[in-house]
Amino acid sequence: MGIFTNPSSPSFTRALHIKDRFLQSFDSLKQLKHVHSQLIRIGLDQENYLLNLLLRSSFDFKDTHYTRLVFHQTHEPNVFLWNTMVRGLVSIDCFKDAIASYASMRREGFSPTGFTFPFVLKACARLLDFRLGLKLHSQVVKLGFSCDVFVNTSLVSLYAKCGYIEDALKVFDDIPNKNVVSCTAIITGLIGVGKCREAIDMFRKLLEMDLVPDSFTLDFHAKCGNMERARLLFDEMGEKDIVSWSTMIQGYASNGLPKQALELFHNMLDHGLKPDCYAMVGALSACARLGALELGEWASSLMNIDEFSINPVLGTALIDMYAKCGSMTKAYDVFKGIRAKDRVVWNAEISGLAMNGHIPAAFAVFGQMQKYGIPPDGNTFVGLLCGCTHAGLVNEGRQYFNIMVRILSLAPTIEHYGCMVDLLSRAGLLDEAHQLIKSMPMEANAVVWGSLLGGCRLHRDTQLAEHVLKKLVELEPWNAGNYVQLSNIYSASHKWDDAENVRSLMGERGMTKLRGCSWIEVCGIVHEFLVGDTSHPLSEGIYSKLSELDKDLRAAGYVPTTEYVLFDIEDEEKEHFLGCHSEKLAVAFGLISTGPAEVIRVVKNLRVCGDCHEAIKLISKITGREIIVRDTNRFHCFSGGTCSCKDYW
DNA sequence: TTAGGGTTAG
């Protein structure tokens with residue numbers, strides 16, 4: 001007889017009160033333990049119903065020591081308690097323990113219910129234990145659960161995850177009352193084993209029967225890059241679950257729409273939903289793209305900090321956010337805290353250090369990675385080679401490339417060749433870079449040719465540049481950037497007519513240059529500036545700060561480097577044009593709107609201009625401020641009149 | 001009077 005069947009019992013009201021307490025969530029394990037002590041005090045600590053609620057809540061804090069204590073203090077556990085134990089262990093990723101708990105339950109003579117199997121089958125699927133799966137399946141049949149849609153869906157998922165799609169299909173076909181969840185399981189299974197045609201056929205069939213969840217279709221549109229269509233569907237959805245929100249946020253972030261991703265993230269919070277791991281990764285990757293450190297830190301604070309140590313995917317997203325915001329000290333703290341560092345975690349740290357110009361540290365972390373026995377992969381070497389490129393370390397780059405190919409037998413991808421071409425081109429070894437492109441086992445893409453073109457510009461090789469440009473135009477005739485770079489080369493060599501011809505060609509083909517744009521985050525708000533922008537509410541203050549700086553800069557010996565201007569116009573006009581490049585506007589805004597000890601962090605959508613680079617170096621000296629500019633290629637940390645890139649970029 | 005399967009990430 002349960003406590004709630006007898007309202008006249010003196011414990012009834014107290015038990016009801018405690019039951020209500022369990023309906024609310026607990027902020028800490030301490031609060032939960034307090035309720036547990038109340039149960040003991042009033043003599044209800046053997047009341048299985050209440051103990052079950054306590055056990056369930058205890059898993060929220062991932063403290064297996066305490067959950068076991070609660071379970072083992074029960075004199076006569078019932079099947080509900082056993083099920084909660086198995087379910088809880090699965091929920092905190094302790095799959096082997098969950099299976100062991102199920103085995104104990106059987107040993108103790110308890111017969112599993114329809115609720116037991118989905119939990120234990122999930123543990124089995126996560127461990128990819130096909131043999132155990134077969135045993136469990138036979139128990140399902142023996143105990144008469146072969147018509148239960150929940151149990152069968154778990155079996156479908158288990159077989160599919162283990163790669164036995166035929167068995168999964170057999171179970172699926174026999175489900176009498178298929179629903180949206182069981183259909184999702186089979187489509188995912190088909191995609192997982194690469195049976196995409198079958199997956200699409202199934203998708204179509206189920207669409208007709210209205211058995212495809214909206215979150216699935218949403219993800220489909222997002223993965224195809226069609227965020228407008230995804231948004232339409234999302235807005236039409238009545239009940240939006242956490243998966244739909246996360247899918248949308250992630251979709252925006254991975255389709256280059258970080259502002260929309262963060263807007264939706266805020267929206268989700270306004271709807272009273274707590275972000276899950278997926279939404280968090282989406283939000284962090286949006287912040288990383290925008291270089292929005294404050295926003296990224298705020299977002300991460302919405303989740304228990306331990307989660308970032310436990311879940312390496314979350315940890316990596318946070319490392320990446322800090323790295324892309326130029327805050328490697330914090331990125332390193334996160335890196336150190338991650339308990340089970342997989343290869344991706346190590347790679348993120350190495351790439352972060354490399355892109356921030358901490359090259360010896362990147363090499364050292366690589367050394368540690370090897371010491372811990374984590375085998376590097378191609379991505380590890382992309383990070384290392386990028387580091388070599390930023391520091392101009394040609395010999396080291398060649399060595400890493402050789403280690404990768406000759407010692408580790410890793411096949412270089414086009415990205416590795418791209419890094420090597422970049423490294424050689426920047427160092428002025430243009431012929432060698434060109435030869436490398438010709439010897440590549442695959443066709444060079446626009447990125448590889450683009451690196452060589454950048455080298456041609458840096459080392460004033462107009463002849464090779466013309467050749468490269470022809471290749472680039474073939475590969476991507478729509479890309480205005482190629483024309484602009486050639487025009488830059490001609491302008492810098494004072495070949496104004498040639499420059500004009502290229503620009504006319506652009507005009508004829510109806511192309512316009514991607515406009516320079518910079519962002520700066522102040523008090524959690526991202527401010528955007530275009531070249532010559534006067535739209536900002538504080539525009540007057542920004543321009544007056546710039547003219548004030550101009551005087552100080554000239555007094556400090558700064559001469560505008562007019563060769564960075566594209567057009568053949570008068571020097572005075574060129575200077576004016578340079579004076580309002582987006583990165584300078586963002587820096588000036590940072591100077592007037594942040595405290596004197598704050599670091600100014602700017603992100604630019606193109607490479608930082610050479611003149612701005614010189615000017616910002618001096619601005620950092622004159623104002624005594626640390627200024628970090630992230631461009632499409634690397635970080636420039638300006639301090640005391642110098643830049644971390646040592647003028648090599 | 002208790003609870004369940006699938007989908008979204010670095």
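In what follows, every chain begins at residue 1, and chains take the letters A, B, ... in the order their sequences are listed.
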Inset, instruction - Remember a base hit wins even if backbone is also touched, and classify A:Asp276 as base, sugar-phosphate or nothing at under 4.0 Å, heavy atoms. - result: base
Inset, instruction - Mind checking A:Asn152 for me? I need base, sugar-phosphate or nothing, with any heavy atom below 4.0 Å counting as a touch. - result: nothing
Inset, instruction - Return the value, rounded to whole Å, for the distance between atom OH of A:Tyr102 and atom P of B:dA3. - result: 21 Å
Legend entry - Base B:dG5 paired with A:Thr153 side chain (donor-acceptor, <3.5 Å): yes
Legend entry - Partners passing side chain to side chain donor-acceptor pair (under 3.5 Å) against A:Asn152 (at least two apart in sequence or in another chain): none
Legend entry - Protein-nucleotide distance (A:Ile338, atom CD1; B:dG10, atom C1'), rounded to Å: 9 Å
Inset, instruction - Considering just the side-chain nitrogens and oxygens of A:Lys122, establish if one lies under 4.0 Å of OP1 or OP2 belonging to B:dG6. - result: yes
Legend entry - Crowding at OH, A:Tyr66 (>12 non-hydrogen neighbours, <6.0 Å): yes
Inset, instruction - Please name all residues satisfying side-chain contact (heavy atoms from CB on, under 4.5 Å) with A:Arg197, sequence neighbours left out, ordered by chain then number. - result: A:Asp201
Inset, instruction - Can you sort out the partners of A:Asp210 under salt bridge (charged side-chain N to carboxylate O under 4.0 Å, His left out), two or more places apart, ordered by chain and number? - result: none
Inset, instruction - Return yes when atom NZ of A:Lys259 has more than 12 non-hydrogen atoms of other residues, nucleotides or ligands closer than 6.0 Å, and no otherwise. - result: yes
Inset, instruction - Go through the structure and list residues passing side-chain contact (heavy atoms from CB on, under 4.5 Å) with A:Thr413, not counting sequence neighbours. - result: A:Glu415, A:His416
Donor-acceptor list for residues 271-287 of chain A side chains, cut-off 3.5 Å, not counting sequence neighbours:
from     : atom 1 : to       : atom 2 : distance (Å)
A:His271 : ND1    : A:Asn267 : O      : 2.9
A:Asp276 : OD1    : A:Ser246 : OG     : 2.9
A:Asp276 : OD1    : A:Tyr278 : N      : 3.3
A:Asp276 : OD1    : A:Ala279 : N      : 2.9
A:Ser285 : OG     : A:Gly282 : O      : 3.2

Inset, instruction - List in chain and number order the residues that pass side-chain contact (heavy atoms from CB on, under 4.5 Å) with A:Asn379, two or more places apart in sequence or in another chain; answer none if no residue qualifies. - result: A:Asn347, A:Asp377
Inset, instruction - Kindly state whether the pair A:Tyr278 / B:dA9 counts as stacked, where counting means centroids closer than 5.5 Å and planes tilted less than 30° apart. - result: no
Inset, instruction - Return the residues of residues 309-319 of chain A meeting this criterion: a heavy atom under 4.0 Å from some atom of DNA chain B. Order them by number, or give none. - result: A:Asn311, A:Pro312, A:Val313, A:Thr316
Legend entry - Verdict with reasoning, A:Ser58 to A:Leu55, per side chain to side chain contact (heavy atoms under 4.5 Å, CB included): CA-CA 5 Å; A:Ser58 71; A:Leu55 185 65; 4.1 Å; yes
Legend entry - Euclidean distance, atom CZ of residue A:Phe308 to atom C1' of B:dA9 [Å, nearest integer]: 12 Å
Inset, instruction - Please check if atom CZ in A:Phe363 has more than 12 non-hydrogen atoms from other residues, nucleotides or ligands closer than 6.0 Å. - result: yes
Inset, instruction - Answer yes or no: is there a side-chain heavy-atom contact under 4.5 Å between A:His266 and A:Leu295? - result: yes
Inset, instruction - Kindly say if A:Lys223 contacts the phosphate of B:dT7, meaning a side-chain N or O under 4.0 Å from OP1 or OP2. - result: no
Legend entry - Rounded interatomic separation in angstrom, taking CZ from A:Phe119 and P from B:dG4: 6 Å
Legend entry - Strand contacts (DNA chain B) in residues 156-168 of chain A, 4.0 angstrom heavy-atom criterion: A:Ser157, A:Lys161
Legend entry - Nearest-angstrom distance from the residue atom CD1 of A:Ile374 to P of B:dG10: 20 Å
Inset, instruction - Pull out every residue in residues 202-222 of chain A that has a heavy atom closer than 4.0 Å to any atom of DNA chain B, ordered by number, or say none. - result: A:Pro213, A:Ser215, A:Asp219
Legend entry - Sugar-phosphate only, base, or nothing, as touched by A:Phe115 at under 4.0 Å among non-hydrogen atoms: base
Legend entry - Stacked cation flag A:Lys240 on A:Phe234, 6.0 angstrom / 45 deg: yes
Inset, instruction - Count the heavy atoms belonging to other residues, nucleotides or ligands that lie under 6.0 Å from CZ of A:Arg343, then report whether that count exceeds 12. - result: yes
Legend entry - Whole angstrom value for the distance that separates C1' of B:dA9 from CG of A:Asn347: 17 Å
Inset, instruction - Please report, rounded to the nearest Å, how far the P atom of B:dT2 is from the CG atom of A:Leu54. - result: 18 Å
Legend entry - Within residues 69-99 of chain A: residues closer than 4.0 Å to DNA chain B (heavy atoms): A:Phe80, A:Asn83, A:Arg87
Legend entry - Close aromatic pair by centroid cut-off 6.0 Å: A:Phe150 and A:Phe119: no
Legend entry - Atom-to-atom span, CG of A:Asn179 to C1' of B:dT7 - whole angstrom: 13 Å
Inset, instruction - Would you mind classifying the nucleic acid contact of A:Asp148 as base, sugar-phosphate or nothing, using non-hydrogen atoms under 4.0 angstrom? - result: base
Legend entry - Nucleotide nearest A:Arg56 when distance is taken to its side chain, options B:dG5, B:dA3, B:dT1: B:dA3
Inset, instruction - Going by the side chain to side chain contact (heavy atoms under 4.5 Å, CB included) test, name the single residue among A:Leu53, A:Leu50, A:Ile18 that passes it with A:Val35. - result: A:Ile18
Inset, instruction - Evaluate the ring planes of A:Phe335 and A:Trp346, with Trp represented by its six-membered ring, and classify them as parallel (under 30°), tilted (30 to 60°) or perpendicular (over 60°). - result: perpendicular
Inset, instruction - Please work out which residues in residues 244-262 of chain A have a non-hydrogen atom less than 4.0 Å from an atom of DNA chain B and list them by number. - result: A:Ser246, A:Thr247, A:Gln250
Legend entry - Those residues that, when tested against A:Glu108, pass side-chain contact (heavy atoms from CB on, under 4.5 Å) (two or more places apart): A:Trp82, A:Phe110
